[in-house]
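Worksheet: one structure, shown below.
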Amino acid sequence: MSHAASPRFDAELLARHDRPGPRYTSYPTAPQFSPDFGEGDLRAAIARSNEEPLPRALSLYVHVPFCTSPCFYCGCNRVITRDLVRGPAYRRRLEREVDLIAPLFDADREVVQLHFGGGTPNFLGNDEIAAFVGQLRSRFRFGDVRHADLSIEIDPRHADAATLRGLRGIGFNRISLGVQDFDPVVQQAVNRLQGEPETRAVVEAARALGMRSINLDLIYGLPRQTAEGFGRTLDQVIAMRPDRIAVYAYAHLPQMFRAQQRIDPSELPTPADKIALLGLAVERLLAAGYVYIGMDHFALPFDELAVARRKGGLHRNFMGYTTHADTDLVGIGASAISRIADAYAQNPRDLPDWEAAVDAGRLPVWRGLVLGEDDLLRADLIQELMCDGEVDFVELGRRHGVDALGLLREAAPKLDALARDGMVQRNVDTVRVTDRGRLLMRVVAACFDRYLAPATA
Ligand code: SF4
């Protein structure tokens, strides 16, 4: 199958096609969510999800927005504070939200995935996290610990071996660490000073504790980044042998993300240098035996994601790639997004709004969307493209009880433009992303996005 091969890096192709655009952790994407979607709509979606013939498993996402200092490249929803007392107060509200939402799900629905993201989840401290996970376990039915994924994003600057031991004791079996770049010059420019030894200590502690998966995040395109410095970072990261490595592009959008205004644009690499940094990462990671999963993610060949990629069992949701099929995702905490039955619901992004809703005993819904038939069809199509690199439109149509070939015909002019550059192969009823197109997967997916501005292909 096509996806077993490695992506082919072509700087010229990337320069022409790579534009900021959706990453399709959802379709439709979050900007399409409407404030008309409210608490009643979320309750109705949960009720519909309970009516499935077989109880559908649940994934839980918990957002912890606090960080103690701002990284200047950050585009996350976070609140900068050194006031650790905010942790327990936040945890109590998380528990209130769980008390509101958990009873709405049928009791036989099993939690197979729990993820803490942020912000910095370990801002909470292990006692708070343990108390909250305990409450989650009392309100939801958790599956067998051997199969459930409990994962948490960790800031290594605020964690040590004892922290990791505590988290393992709570049940966490996967961790994800931000690295970005170990080059001190870059770290100064982005206000994130984090030594390689402290990061390695956390990785080694996690491995010694038998954590099932360790992920490290890198970013290319940061100020003062050079091929030499980033190359060194790649070597250091590869030497730690994490199961998974994500390599994200930095997008400089200072109007959208205030923290980025503190980055000096004259220190950013040129577009060509930025692409070369990606090329360096792809080359080094593949040479070190990592497999490209898709959308910035690499994994060791026997990591579950790599196995799922080969066998066709890969899925994608707001948390990225996963092996868990067909779960309903329940987002808890400020800004968290849920995907339940045929609906998306997002909690208020601003902390005071989320707090006010929870304090008033309301399900905190800011905006959302019930997917129509066309949305569901396109969501399935984009998911398949992102995970398998190939879509059979006859099969897709059969699953939805419609003729899906119309979608292929509609996207044909855009797809053919990409085909001329060797990025896709379009046949009468299939589309396949080639090795040349794999690093530009989201550009291919965008051909099927009904909400994007009309054709520029
Ligand atoms: S990058 Fe992570 S740690 Fe840094 S400010 Fe953003 S959320 Fe916090």
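Note that this is a predicted model, so its numbers are computed, not measured. Each ligand, and each atom within it, is numbered from 1 in the order the structure gives.
Counting atoms of ligand 1 from 1 in the listed order, those under 4.0 Å from a heavy atom of R78 are 5 (S), 6 (Fe). Residue R192 has at least one heavy-atom neighbour below 4.0 Å for each of these atoms of ligand 1: 3 (S), 4 (Fe).
Of the charged side-chain nitrogens involved, at least one lies within less than 4.0 Å of a carboxylate oxygen, so that E12 and R16 count as a salt-bridged pair.
Contacts of C71 with ligand 1, taken as heavy-atom pairs under 4.0 Å, involve both backbone and side chain.
Checked by atom type, the side-chain pair T120/H158 shows no donor-acceptor distance below 3.5 Å. Side-chain polar atoms of R367 and Q346 form a donor-acceptor pair below 3.5 angstrom. Judged by distance alone, the side chains of R109 and S49 do bring a donor and an acceptor atom under 3.5 Å apart.
Residue-ligand proximity: G119 is placed with a non-hydrogen atom under 4.0 Å from ligand 1.
Of the possible polar contacts, none joining the N173 side chain to the R212 backbone as a donor-acceptor pair under 3.5 Å is found.
The protein non-hydrogen atom at the shortest distance from atom 6 (Fe) of ligand 1 is C74 SG, 2.3 Å.
The nearest N, O or S atom of C67 is closer to atom 8 (Fe) of ligand 1 than 2.8 Å.
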